[in-house]
Structures are given as structure tokens and as C-alpha cells.
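First up is the structure itself, then whatever we jot down about it.
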There are 2 protein chains.
Amino acid sequence: MKKNSPTLSDVALKAGVSMMTVSRVINNKGKVKPETREHVLKIAAEVGYRPNYIARSLATKRSTTIGLVVPDITNPFFSEIAKGVEDEAYRLGYNVFLCNFDENPEREFDVLTSLAEKQVDGIVLCSSRQNNKQLYHSLGLFKHVVLINRQLPAPSHTIQSLILDDFNGAKLAVEHLLSHKRKRIVLLSGPKQSHSAFQKEKGYLAALKKHNIAHDPEQIKHCSPTMICGKDTMSMLLKNDPTIDAVLAFNDLLAIGAMLACQEFGKIIPQELEIIGFDDIPLSKLIIPGITTLTYPKKEIGSIAMKIIYQMMDQDISLDFPKTFAPQFIFRQSSPK
Amino acid sequence: MKKNSPTLSDVALKAGVSMMTVSRVINNKGKVKPETREHVLKIAAEVGYRPNYIARSLATKRSTTIGLVVPDITNPFFSEIAKGVEDEAYRLGYNVFLCNFDENPEREFDVLTSLAEKQVDGIVLCSSRQNNKQLYHSLGLFKHVVLINRQLPAPSHTIQSLILDDFNGAKLAVEHLLSHKRKRIVLLSGPKQSHSAFQKEKGYLAALKKHNIAHDPEQIKHCSPTMICGKDTMSMLLKNDPTIDAVLAFNDLLAIGAMLACQEFGKIIPQELEIIGFDDIPLSKLIIPGITTLTYPKKEIGSIAMKIIYQMMDQDISLDFPKTFAPQFIFRQSSPK
DNA sequence: TTGTAAGCGTTATCAC
DNA sequence: GTGATAACGCTTACAA
């Protein structure tokens, strides 16, 4: 059996000083005579001392730890955000708890509770699927919260939101399709509880209304945000109505799925049918035809979320980060400029 | 300012019992009279008591927390594994620190150190890029380790390895291509320090040797495991040597990149050129032509890794999990059966 | 069945 | 500059 790792007091004993001196040296805090500092450092290295952050956290009430809560880390949109969060956390000396909730509000609640119990300094919550009341309750457990793509009616100084302007993104996309004389534009929407899906739906309807186009409810379908669901849903739609000439998809996974369905139906893209997605996942650029898409700077958003929490920790400094992100239109073959 | 959250002793005071009684109730441990239990629970709920796991961890020397260390969470192979780990962790009441190291051994070392300081109960380390000496040193910081796709010369009872049989996977793939009379088989290999890439290279060479095929060093190219690198490298290869008639790729991202390059060169797949990849990422099934691939049960591997750590914690020692995984051949259009 | 006391490894506070 | 002592919130071990 290996013996327990050395503690502050082990080092202190061996160095012939008090624990506080060792603590000061380790944390570079307070005054310590250079010689004793050297000596302590030498002993610490000798015995292989490592600070115990659990003990430190208990004493300081700071865990240098945050939680990142996402619907599904295998979705490229969220894994990019996660990368941004984690990279920034690494720079700042933080660690990140990753939690998936699989579009399941109950699991979302569970993981939030467990993160609170682990005393995280804050959380980044993406695309919450809880209703406002539940959500407000859950978030009360935390000192600092950054919400990505979800706004709370009664914001507080502990809760910041980073908003993606999905409403205007969808509106822009539909107007682009209309300018190409598209007549039957289908919306492959996302999960029913998704705030983002809701905004995109509103944008889609707003564009149609603005141009006095009648809206057929059959043209909106909800899907889980996966390629396979996009393909299946699109196949079904094309079977019922071969006159569809454009698709706006909740995300690129759905858009690509739809495109694969079109290929099977012999629909030529973009001549016979145009497709626009959201997110600009890596694949969208490489596939042929390339997917036209609306996107946000995902890594940057993750990084900003982490920075905001970090700043909130240290008594709200300036917080001069962008809080809302306009979609960027990227034109590729599936719906050219 | 919100007041601090209530502690065990707050609850004890208000309930008129000792801290230990409350502790017993909260943890369902030891004997407590049903009536007092009810009463304590009621008070706890009233004041909104939540256990502080930092304090608990310090007392028990268990953090119910593990670290998951991967090269890059945006790679679908690792995000699937991460999903498996996290799902199982959720079931077992654990939380998971996610760390990327971006193929950078120094960062890998850093994150391992920080995880040790956070007192994780164990780590799951995927595709380490450290050399054996460094690695052995880093792993010494942990009580329990599961290595995915990396074996240590001197294994210990604290370190378990889950091995993917990439050698035989590559060998099988090449033999399959040879059975189709392919003459010039290119290997798009992975990062130079990758254990997995090394094994696949050995398998590739072994198959050629077994069938007395001369090996041309120009036919092995190292790539970073991304679609774009696959496409660029394949373009370059085809430019130099249009007689290439088969590709074995380190992973499906590279395979798909290679396929896109072939399409640009007008190479007909699979008639003129066959492609085989590894990992069976979701896209490989959906794209046309589908990518033939060798795969492992990624979520299951993640789940098993977490279970192993959990069992090691409780000296359960049954540990009757599979430790080595044979690749499963999935035939699609890019290299039919 | 319940309570008391010590201790987990660190930092805050205040004295020297 | 340095050190003693009391927290931090919980559990372990033992006593009642």
C-alpha cells in the first residue's frame, strides 16, 4: 500500500517552519524571507508535495471549478462550445464538470443539483429544457450562472445570458429563399422545448407574413437534432409533397440529413430545392454540395461564458463582453448567394 | 447578499438533535428512529439543506468525481466515449471533469496534475501522447486509472488498460482490399505519437508482408485526424500517383476527406478506388457512398471505463469486464463485402 | 438509537 | 517575517 501523499504539515515539519509559512510559499502570498522560501520549496519538491484543492476549497469557499451542462456532447455544436469553455478554463486554472442531460428535464434538474452540491463556482447552461419556474429554482442554487441561448424573464445579477439571434437568422434565411422565388419552404424545426427552435419558428413565420405568404402548418416539422431524423423526416415530406422547393433546418445535422433524402429522391440541389441550416459544423463545408448555413462563433461563445464567470467571481469587474450574437450567413452551393 | 446555505449543524440545531443524527438521516446510514428521521427530513427540506460534497470529500477522502482526459472533444470518436463515461457516471452518482489536451503532451501533463490536486477518485485517459516515462510518472498521482488504447510496459493494480485491437483491424482491412485485387493501397495514418496509429501501421505492413507485397514508403502518410487533412493529403497523393486504387484511413474523418478528394478527381468509388476507415462515426452511414469502416463500441467502452474505476474504489475486484475489443467490420459501398 | 469529540488539509486572523 | 489557533462542513470512532 502506498502511503498517503504529503500534506502541508508534513512539509512544515520537515522544513522546520510553521504550516502558514509553507502555505504562503506555495501560494506566493504574503511576505516570506527569500531564503526560507527557497528552503521550503526545496523540501516541498523533495517530498513531492501537491496542494489538496478539496481542503483549500473548504477553507476558501472557492472550488476553481465550474459546471458545463449541455443536452448532448456528441452534437458538434455543443462539443465546439465545450472546447471553448474548457480551453479558457485551462488558461484560467479552472476545471470543468461536463454534464449531459439528453433532452431530459429531469436529468437536467439532477445534474444541476449535483453540481451545486459539488460547490462549483458557477455553471454554463446550454439550451435548458426546463420551464421558467423549474429553471429559476435550479439556478438559485448557484452563485454565478451563464445561460446560453435562454433568457429568464426576471434576470438577476448572478445570472447572465448569452443570446444567439435565431429569430433574425431564420427570418434572413427565409427571405433569402423567397428572393430566389421559392414557393414551398419547409421548416425542419428542433425539439419542442428548445428556446432556439421556438425563435427560429417565429422568424420563419415572421418572414412569411411580411411577404404575405400563406403558412401551411404541414410545412413545420419537429425533429430531434440528428442527421438521421432529418433524413427520415424529409423523406416523408417529399413523399407527401414533391413540390417542396426549399428547406430551412434547425441545424446542419438536420440539413445534411434532408440533403441525403433529396439525393435519394433525385432532387437536384440547389436547382430544384435549396437547403439552409444553422451552426456551420465542420462537415457542412466539406460535403458536396456544401451546406449554406447561419452560424455563431461557438468557441468564442464558450470562452466568453467562462470569462464571465471568472469575472463575476472577482466582484463584478467591467463585464464588457458581447452578450448577444448576430448570426453570420455563410453561402455555399445548397443555397447560393 | 444572500445568506450562506444551511449546514448540517443548522439543521441539527433547528431539529433539536445532534449533527450525527442528521448526517445519518441524510446518508441513510446507521439506525435512526423513524419518527426522528421524519422530523429531520422535514426540517432539512424546510431550510433547503444540501450536503456540501467538498466537506464530505475532505472527511471521507472520496470525491465521487473522476477525470476524463481526451485529445479533442470535438472529435466524434472521443465525444462518443465521453458520452458513455458521463452516462455511466450519472447512474453511479459521479461527476466527470472533462479535459482536452489538443495533442499537446505538456498540456496533458498539466491537466493530469490539476486533476490529481482536485482529488479525483480516478481518471480515464484516452490516447495519451506522453512517452512511457512521463506517463508512468503522471499516473502515479492517481489511485485508479483506466487507459484507453495505451498499454504500459509495467502495469500495476491501480492501472487498467482497455485495448482496441487496431493491429488486427488494419490487417483485416488490408487483406480485404487485397482480396479485391487492389494493388496500390495507401495508408492515411494518424498523428505520429498515436499508439493507435502505430498499431494500424504495423497491421498494414504485416498484411502486405504476409502476401509478399513490396511496400513503398510513399504510400504511408501521417495526417492530423481531421476531414480537411484527409482531403488535402489525398489530393496530393492522387496528383503524384493516379494509379492508387485503395485507401485505408486512420479514422473515418480522414476516410471521408479522402473520398471528397476522389470525387474532385473524378475517381469512381468503389469501382476505381476503395476506401476503408475506422470508428464508424454517424456520418459514415449517411453519406453516399457509405464508408466501410472498422469500429468499436465507443459508448460501451466509456461506460466500462467508468464502471471499472467504480469497482476499483470498492475493492470489489470482480472486474469481469472485457479488456480488449476486437474491431467490428462494417461493410458499405466504399468497399463492399 | 443518539451524542461527543477528534480530525480531514487547508486558509484567515491576529498576535509576536 | 513568522507562527498559533480557530475555522470550513462533514464523517469516523467511540461512548452513552
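None of these values were measured; they are calculated from a predicted model. Just so you know, these numbers use all the heavy atoms, side chains as well, and skip hydrogens, waters and symmetry mates. Every chain is numbered from 1 and lettered A, B, ... according to where its sequence line falls, protein lines coming before strand lines.
Checked for salt-bridge contact, B:Asp121 and B:Arg62 miss the test: no charged N lies under 4.0 Å from a carboxylate O. Using a cut-off of 4.0 Å between Lys/Arg side-chain N and Asp/Glu carboxylate O, B:Glu88 and B:Arg91 are scored as salt-bridged.
In this structure, CE of B:Met20 is placed 9 Å from C1' of D:dA13, rounded to the nearest angstrom. Atoms CG (A:Leu58) and C1' (C:dG9) sit 9 Å apart, rounded to a whole Å. Rounded to whole Å, the distance from CZ on A:Arg24 to P on C:dT11 is 11 Å. Distance, B:Met19 CE to D:dC10 P: 7 Å, rounded to whole Å. Rounded to whole angstrom, the span from the NZ atom of A:Lys29 across to the P atom of D:dG1 amounts to 19 Å. A straight line from NZ of B:Lys61 to C1' of C:dA6 spans 14 Å, rounded to a whole angstrom. Across the protein-nucleic acid pair, B:Arg62 atom CZ and D:dC10 atom C1' stand 16 Å apart, rounded to whole Å. What separates CZ of B:Arg56 from C1' of D:dC8 is a distance of 16 Å, to the nearest Å.
A:Ile123 has its side chain within reach of A:Leu139: a pair of non-hydrogen atoms, C-beta onward, lies under 4.5 Å apart.
Remark: A:Tyr53 is not in phosphate contact with C:dT11, judged by side-chain N or O atoms under 4.0 Å from OP1 or OP2. The side chain of B:Thr21 places no N or O atom within less than 4.0 Å of a non-bridging phosphate oxygen (OP1 or OP2) of C:dT2. Between B:Thr7 and D:dG9, a side-chain N or O to OP1/OP2 separation shorter than 4.0 Å is absent. When the side-chain nitrogen and oxygen atoms of B:Asn52 are compared with OP1 and OP2 of D:dC8, none of them lie within a distance under 4.0 Å. Look at A:Ser23 and you'll find a side-chain N or O under 4.0 angstrom from OP1 or OP2 of C:dT11.
In this structure, A:Thr36 reaches the sugar-phosphate backbone alone: every heavy-atom distance under 4.0 Å involves primed, P, OP1 or OP2 atoms, never a base. Note on B:Lys33: only backbone sugar-phosphate atoms sit closer than 4.0 angstrom, heavy atoms only; bases stay farther off.
The nearest heavy atom of DNA chain C to B:Gly30 and to B:Ala59 marks one nucleotide each, and the one closer to the 5' end goes with B:Gly30. When the nearest nucleotides of DNA chain C are assigned to A:Thr60 and B:Pro34 by heavy-atom distance, the more 5′-ward of the two goes with B:Pro34.
Geometrically, A:Arg107 engages B:Tyr90 in a cation-pi contact defined by less than 6.0 Å to the ring centre and at most 45° from the axis.
Contact record, A:Phe101 with A:Ser127: CZ-O, 3.5 Å, taken as the closest heavy-atom pair.
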